[in-house]
Amino acid sequence: MIECGKRGMTMCRINSRTASMILLVLLLLGALTACGTPASETAAPGETAAGEPAQESGTQGQDREDDSDEMTTWREAVDKMFEDPYGDYSETGGEIALLMDGDVEDGGYNEAVYNGVRMYALGAGVSFSYYNVDPEAPESYSGQMEKAIQDGAGLIVCAGYQFGEAVSQLDTIYPQTSFLLVDAVPHNAADEEEPMQENVHCILFHEEQAGYLAGYMAVWEGYRNLGFIGGSFLEHALLESEDGYRKQEPSVLRYGYGYLQGIDAAAKDLSLTDVTVHYWYADSYSADIAVREKAASWYENGVQIIFACGGGLYESVLEAAEDQDGLMIGVDVDQSRISDRVLTSAVKNIGSAVTDALDEYYAAGGWSEEDAGQVKRYGVEDGCAAIPVVDTEWRFKEIPTTHFFEIYKQMKRGDRTVSDAIDAPPQVAITVNYE
């Protein structure tokens, strides 16, 4: 048995064999290698342990048929791991408190974070609770966080840029409470970064690498007229104007700018001069009629595929794609199971990164010197930024998986780089119509 936890936690109900099973299940859920594994020990997604690429798409369908019983067994294992026979989940009062602004079972980002927390808590025998925050009420972020602390939470897990301000307000008021902040760093109302306290650890990702791979592969597949619709929210607090201004989350900017860089690189590699990208930020992260109308007008005017990046707005893009016979690129997690209109997804292995952080936290009895007050960023080198290859349907018709692996290896070796700058759009040779 492995001792874990703080504040007098009892022995965990987990042994090394169970821990290995959790890791293997996470590989399935993320469709990538586990985040945090040293680059020298991590194979590219879809590769064998010896580094040989998986079989090309022409044989993958047959392989899946032959392995259907095995995959059913894996799915049953996943379901089994998510059972809660010991009642570790509670409405309030959990040692781990997860806060989110939106539906926890959204089939995307929120669910990936939740699964990361749930997988660790159920496997390690740590109690956990979930608190919902109203995105339309900014005060609810810190309010719900304080409620969780008063309910007895020792570790607050929250994901999304909006939580950065709440953490910066409370980390010094509650120094005995630990915070795990995903996709953000502590900042004030003016979006200025605040000093990191010792009770805070942050997880960020190289979304630009995943966006690059999705854009690059789409052009190689033959698409020349592409689109990007990103989520944003209207900020009213600092302005007298009722219209406010659009605020983009850094992760969305990195996805979009990486997408442009990937499209541009593929156009150069193929000596193309006819590639165009339409680029627009919606005033929402949810399904919205304005998003559907924008996507529909693009499809009607020749756009072939749209990268939908931002919460639930993909639902509106997907509606337009289905109506106009278009295609979509998903985000954060593999969204291919949602519809056959999803060509691929730009993914980051969120669940594994969260589980990795929780494992380090409880193993050390708190944030270690390496994690306390620090930011850890996951990307290609950690197996945490790619497009799905394992346990998914490869929908590219013109590109074998081996070509993807080659590009992925080039990025991993540093032979192909992607800028993570978000202060301005990247300089590209392709035509980009910003709307």
Side-chain angles (χ1 to χ4, degrees), residues 31-32 44-47 52-61 206-229 254-279 298-299 302-309 321 325-331 334-336 340-348 379-380 385-390 392-419 426-433:
L32 290 170
E47 290 183 321
E52 293 299 322
Q55 291 179 315
E56 296 186 10
S57 55
T59 60
Q60 286 180 341
H206 284 289
E207 291 92 353
E208 72 280 357
Q209 296 174 344
Y212 179 102
L213 287 165
Y216 187 93
M217 299 300 285
V219 173
W220 266 83
E221 179 68 3
Y223 300 108
R224 304 291 180 261
N225 200 340
L226 305 93
F228 174 87
I229 295 180
R254 284 193 289 267
Y255 269 130
Y257 291 172
Y259 182 61
L260 292 179
Q261 291 176 72
I263 293 171
D264 188 60
K268 290 177 180 176
D269 289 351
L270 293 170
S271 300
L272 302 174
T273 59
D274 60 344
V275 177
T276 300
V277 182
H278 299 264
Y279 201 98
W298 282 1
Y299 286 129
V303 171
Q304 300 160 298
I305 187 166
I306 297 174
F307 182 11
C309 182
D325 196 27
L327 291 174
M328 188 187 88
I329 294 173
V331 72
D334 181 8
Q335 294 185 310
S336 64
D340 58 9
R341 294 288 173 185
V342 179
L343 174 68
T344 189
S345 301
V347 301
K348 53 187 185 184
V380 163
I387 60 174
V389 179
V390 178
T392 192
E393 181 180 352
W394 184 258
R395 291 177 176 165
F396 293 95
K397 305 299 183 184
E398 305 299 326
I399 314 170
T401 56
T402 50
H403 184 60
F404 163 74
F405 295 141
E406 180 56 35
I407 302 302
Y408 184 88
K409 288 177 181 177
Q410 290 174 13
M411 293 178 67
K412 198 169 181 180
R413 292 193 302 261
D415 298 336
R416 185 179 289 264
T417 60
V418 188
S419 171
Q427 295 295 315
V428 293
I430 56 173
T431 300
V432 183
N433 297 322

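Taking the ring pair (Phe, Tyr, Trp, His ring centres under 6.0 Å) definition, one finds that Y223 meets it with nothing, sequence neighbours left out. With sequence neighbours excluded, the residues forming a side-chain contact (heavy atoms from CB on, under 4.5 Å) with A346 are A210, A214, Y255, F307, listed by chain and number. Considering only residues two or more places apart in sequence or on other chains, Y259 meets the side chain to side chain donor-acceptor pair (under 3.5 Å) condition with none of them. Qualifying side chain to side chain donor-acceptor pair (under 3.5 Å) partners for D325, counting only residues two or more places apart in sequence or in other chains: R341. Every residue two or more places apart in sequence or in another chain was checked for a side chain to side chain donor-acceptor pair (under 3.5 Å) with R224, and none qualifies. Here D415 pairs with Q410, R413 under the side-chain contact (heavy atoms from CB on, under 4.5 Å) rule; sequence neighbours left out. The side-chain contact (heavy atoms from CB on, under 4.5 Å) check on N433 picks up T276, H278, T431, with sequence neighbours excluded. Residues meeting the side-chain contact (heavy atoms from CB on, under 4.5 Å) test with I430, sequence neighbours left out: I263, D264, A267, V275, V277, V428, V432. Here D340 pairs with nothing under the salt bridge (Lys or Arg N to Asp or Glu O under 4.0 Å) rule; sequence neighbours left out. Residues forming a side chain to side chain donor-acceptor pair (under 3.5 Å) with Q261 (at least two apart in sequence, or on another chain): none.
Side-chain contact between Y257 and S419 is absent, with no heavy atoms from C-beta onward closer than 4.5 Å. Considering only heavy atoms from C-beta on, F228 stays 4.5 Å or farther from I306 through its side chain. Side-chain contact between I329 and I305 is present, with heavy atoms from C-beta onward closer than 4.5 Å. Using a 4.5 Å cut-off on side-chain heavy atoms (C-beta onward), F404 and M217 make contact. You'll find the side chain of K348 reaches within 4.5 Å of the side chain of E207, heavy atoms only. Looking only at side-chain heavy atoms (C-beta outward), T344 and P388 come within less than 4.5 Å of each other.
Counting only distance, with no hydrogens or angles, the side chain of N225 and the backbone of G302 share a donor-acceptor pair below 3.5 Å. Between the side chain of S345 and the backbone N or O of Q335 there is at least one donor-acceptor pair closer than 3.5 Å.
When every heavy atom of G258 is checked against every heavy atom of V418, the shortest pair comes out as CA-CG1, 4.3 Å. In terms of heavy atoms, Y279 sits closest to G256 at OH-CA, 3.3 Å. What you find for A385 and Q209 is that their closest heavy atoms are CB-OE1, 4.0 Å. For the residue pair A429 and K268, the shortest heavy atom distance occurs at CB-CE, 4.3 Å. Of all the heavy atoms in I399 and W394, the pair that sits closest is O-NE1, 2.9 Å. Nearest heavy atoms, V342 versus G330: CG1-N, 4.0 Å.
Distance CD1/I407 to CG/L213: 8.0 Å, rounded to 0.5 Å. Atoms CD and CG, on E393 and D334 in that order, are 10.0 Å from each other to the nearest 0.5 Å. Summarising the geometry, atom OG1 belonging to T401 is positioned 12.0 Å from atom CD belonging to E406; distances are rounded to the nearest 0.5 Å. Atom CH2 of W220 is separated from atom NE2 of H403 by 4.0 Å, given to the nearest 0.5 angstrom.
Between Y216 and Y212, the ring planes lie parallel to each other; the angle is under 30°, not in the 30° to 60° tilted range.
At a threshold of 4.0 Å, the pair K397-E221 does not count as salt-bridged, since none of the basic side-chain nitrogens sits closer than that to a carboxylate oxygen.
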